[in-house]
Protein chains: 2
Amino acid sequence: MVTNPGRRRRATIHDVALEAGVSRGTVSRVINDEPYVSAEARIAIEAAIERVGYVPNTAARNLVMQRSQAVGFIVHEPHSLFLEDPNIGEILLGANAALSLADFQMVCLIIDSERDTDRVARYLSGGFVDGVIVVSARKNDPITRIIEKLGLPSAFVGHPPDLRRLPFVGIDNRSSAFAITERLLATGRRRVGMIASALDRDSGADRLAGFTDALGPLFDPALVARVPFYAYADGVKGMRALLAAEPELDGVFAASDAVAAGALEALREAGRSVPGDVGVVGFDDSAWALRCQPLLSTVHQPAAGLGERAAESVLAQLRGEEPELGGILLTTPIVWRDSA
Amino acid sequence: MVTNPGRRRRATIHDVALEAGVSRGTVSRVINDEPYVSAEARIAIEAAIERVGYVPNTAARNLVMQRSQAVGFIVHEPHSLFLEDPNIGEILLGANAALSLADFQMVCLIIDSERDTDRVARYLSGGFVDGVIVVSARKNDPITRIIEKLGLPSAFVGHPPDLRRLPFVGIDNRSSAFAITERLLATGRRRVGMIASALDRDSGADRLAGFTDALGPLFDPALVARVPFYAYADGVKGMRALLAAEPELDGVFAASDAVAAGALEALREAGRSVPGDVGVVGFDDSAWALRCQPLLSTVHQPAAGLGERAAESVLAQLRGEEPELGGILLTTPIVWRDSA
DNA sequence: TTGTACGCGTTATCAA
DNA sequence: TTGATAACGCGTACAA
């Protein structure tokens, strides 16, 4: 509401009081329908509200109430990932659903540049939100620091922040990767490789570690293709590299379903059949898994559940409860379909 | 900031003033680095700020300044579309980039239920945003009504709102559909069908109208498969229906790239070659187009550009400029690749 | 150069 | 049941 030529000033409680011939206190009572207001006063005030077109200024209310009834949801991803990763959307929706139930407004803030980082940090310290959910914080993130400094109730989703004292909700990527790899080996595959993505992040590094654990003595570093993102295009490239390195390959663990979808494409172009020649497994159980041909065997990541639990954690902290130490880990069932 | 057991009260300007032994006015001047403050006072105050851990309360500042330096970005989509539609992400990023440049905070609000609608409406009228960008408003949307009532600077993206007096930025779906269909016909196809999605929305209806226009006397209503969403799964179903209705089909216009990707899958399962037996064209030029086999010929939708222009329109209105009557239409080049 | 006092739009606490 | 009046945290004329 900049001082704006065309637009008229918004009516305030004061205007309503004048119009109805009562005091501001009484108007306030009607608005928050509190008791102790006469029927006639109520009627007069409601009419006045209508006439002057009054809508309450929540920002002013928050100032005096010392709370905003809003929780921030911060997304901090590179372009490609933000657009490609179906998990983020589900996490978002899950968190929104839980906050909505508690009558909290979720405000989603995107960090896509250096400028954004500073501005969002200011926003968080500005008193606009009572708490915050963070998806994919970076190492040494200014956002993480400001959250700590403010003591803002928070929940990190996906993986724990640097300082393990901050609450988080996630999955055990290492165990999950171990489990699906073991399952793949149980089908009798002998030369199994991995397309490993996002090794600069916990999730990526942990999935590789789980894969390595499961293979044990069978592990061959030459059978690991490293690619930057959890993306389809990276899956294509990774699979080509793997096939070049080892034509006899008969199994692949892709770091995500999008990567697995890319791998299937590369296998098709190389004339390999799936699961006949090569067994393929992914990670996420996202929409990708069901649109692959053949349907993808994968690890189910409870994305909406992560969002919900993160929101519930923040709400609990707002009620004064202590957050779980060590974070919350959700279980990740294996979904076995046709690709292995 | 609920009255919270563990968390200490946040320091205010008052605290800093006390600590530094000056008045609040001087502290305020230092914070907004205005002139007329002595070097010694500045130093003392900066030290005091550090000691008491002061961070400005932007919410309070906004109340007195009568502006929030924030613009809302409202997404109102059904689950499936929100997760599947790559355009939304690009629009979001485009808008964020433009707002960020002007030092405005973009706050994204998700509407996913009836509760959400009311809460978001309250949020908009609460003085938290100076303007708003809306993606896919519905007919008779309470959000649209509240925006009008408040006279909140706004920009609708994708298609015009019910009341054409509100500013919008979009593309000409009808002309674009006409152009790509004509191009498809120019390759010599004679039995051309369409998979039409989202006919309850302007974009969907307009694309069908453009298709009909282009076909002229060749148009055959039996060759239109109607599906609810711009989604992959709907493309598969639609294509199957089309093939059942007309085995001799040699061209298809899919209402979106995701739909086209589904159509390609159905064609593959039916043993048809593309573009040999059937030419396929899509709409959007999203990530889908490049991960199809063969690469998709399609209409380029400037999604990021839509977001940018919407943001710029809101910013212009905030400066007191009048919005363009009749909205802004961006051009949509045809991108011809391999699928037709 | 600095301090004072008022206003932003609410809620909350008193007396009346 | 109602009406003053004091907060909430800040910016800003105006006076000193």
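Reckoned from all heavy atoms, side chains included, excluding hydrogens, waters and symmetry mates. All chains are named by letter (A, B, ...) in the order of the sequence lines, taking the proteins before the strands, and each is independently numbered beginning at 1.
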query: Can you find a side chain N or O atom of B:Thr26 that sits less than 4.0 Å from OP1 or OP2 on C:dG3?
result: yes
Straight-line distance of A:Ile143 CD1 to A:Asp116 CG, nearest 0.5 Å: 9.5 Å
- request: Give the rounded distance in Å between these two atoms: CE of B:Met65 and C1' of D:dG9.
  value: 14 Å
message: Holding to salt bridge (Lys or Arg N to Asp or Glu O under 4.0 Å), I want the full list of residues that pass it with A:Glu324, two or more places apart in sequence or in another chain.
response: none
field: Gap between atom CD1 of A:Ile133 and atom CG of A:Leu109 - 0.5 Å precision
entry: 11.5 Å
- prompt: Taking atom CG of A:Leu92 and atom CG of B:Asp112, what is their separation to the nearest 0.5 Å?
  reply: 9.0 Å
statement: Whole-Å distance, B:His14 NE2 to C:dT4 P, equals 12 Å
query: Between residues 47-58 of chain B and DNA chain D, which residues have a heavy-atom gap below 4.0 Å?
result: B:Tyr54, B:Pro56, B:Asn57
task: Please report, rounded to the nearest Å, how far the P atom of D:dG9 is from the CZ atom of A:Arg61.
output: 18 Å
- line: Contact check, residues 15-23 of chain B vs DNA chain C, heavy-atom distance under 4.0 Å, returns B:Val22, B:Ser23
- line: Axis-to-axis angle for the helix from C:dT1-D:dA16 to C:dA16-D:dT1, ends of five pairs each, to 10°, equals 50°
Atom pairs under 3.5 Å: protein N/O with N/O of nucleotides 14-16 of chain D:
none

Sorted by number, the residues of residues 30-46 of chain B with heavy-atom contact under 4.0 Å to DNA chain D: B:Asn32, B:Glu34
query: Quick one: CD1 on B:Ile74 to OG1 on B:Thr144, what's the gap to the nearest 0.5 Å?
result: 8.5 Å
Name the atoms and distances for all side-chain donor-acceptor pairs under 3.5 Å in residues 49-62 of chain A, with sequence neighbours left out.
unit_1, atom_1, unit_2, atom_2, d
A:Arg51, NE, A:Glu19, OE2, 2.5
A:Arg51, NH2, A:Glu19, OE2, 3.1
A:Asn57, OD1, A:Ala59, N, 2.9
A:Asn57, OD1, A:Ala60, N, 2.9
A:Arg61, NH2, A:Asn32, OD1, 3.4

message: From CG of A:Leu63 over to P of D:dA6, roughly how many Å is that when rounded to an integer?
response: 18 Å
- request: Would you please name every residue forming a salt bridge (Lys or Arg N to Asp or Glu O under 4.0 Å) with B:Glu46, sequence neighbours left out?
  value: none
task: Answer yes or no: is there a side-chain heavy-atom contact under 4.5 Å between B:Val27 and B:Val30?
output: no
field: A:Arg165 side chain vs A:Gly326 backbone, donor-acceptor pair below 3.5 Å
entry: no
- prompt: Should A:Phe168 and A:Val157 count as side-chain neighbours, where that means a heavy-atom distance under 4.5 Å?
  reply: no
task: Establish, with yes or no, whether the OP1 or OP2 oxygen of C:dT11 is under 4.0 angstrom from a side-chain nitrogen or oxygen of A:Gln66.
output: no
So which protein nitrogen or oxygen atoms get under 3.5 Å of nucleotides 5-7 of chain C's nitrogens or oxygens?
none

message: Applying side-chain contact (heavy atoms from CB on, under 4.5 Å) to B:Val75 and B:Cys108, what does each step give before you reach the verdict?
response: CA-CA 7 Å; B:Val75 181; B:Cys108 171; 4.3 Å; yes
Show me the donor-acceptor pairs, under 3.5 Å and distance only, between side chains in residues 34-44 of chain A and residues at least two apart or in other chains.
unit_1, atom_1, unit_2, atom_2, d
A:Ser38, OG, A:Ala41, N, 3.2

- request: Would you mind reporting whether B:Phe73 and B:Val107 have side-chain heavy atoms less than 4.5 Å apart?
  value: no
message: Filter on ring pair (Phe, Tyr, Trp, His ring centres under 6.0 Å), then keep only pairs touching residues 91-126 of chain B, sequence neighbours left out; what's left?
response: B:Tyr123-B:Phe128
query: Are B:Ser313 and B:Gln317 linked by a side-chain donor-acceptor pair shorter than 3.5 Å?
result: yes
query: Quick one: are B:Val16 and B:Thr12 in side-chain contact, heavy atoms under 4.5 Å?
result: no
- prompt: How would you label the contact of B:Ile13 with the nucleic acid (heavy atoms, under 4.0 Å): base, sugar-phosphate, or nothing?
  reply: sugar-phosphate
- request: Kindly write out the residues that satisfy side chain to side chain donor-acceptor pair (under 3.5 Å) with B:Arg24, not counting sequence neighbours, or none if the list is empty.
  value: none
message: Would you say CZ of A:Arg119 has more than 12 non-hydrogen atoms from neighbouring residues, nucleotides or ligands within 6.0 angstrom?
response: yes
task: Grab the CG-C1' distance between B:Asn62 and D:dC8 for me, whole Å please.
output: 14 Å
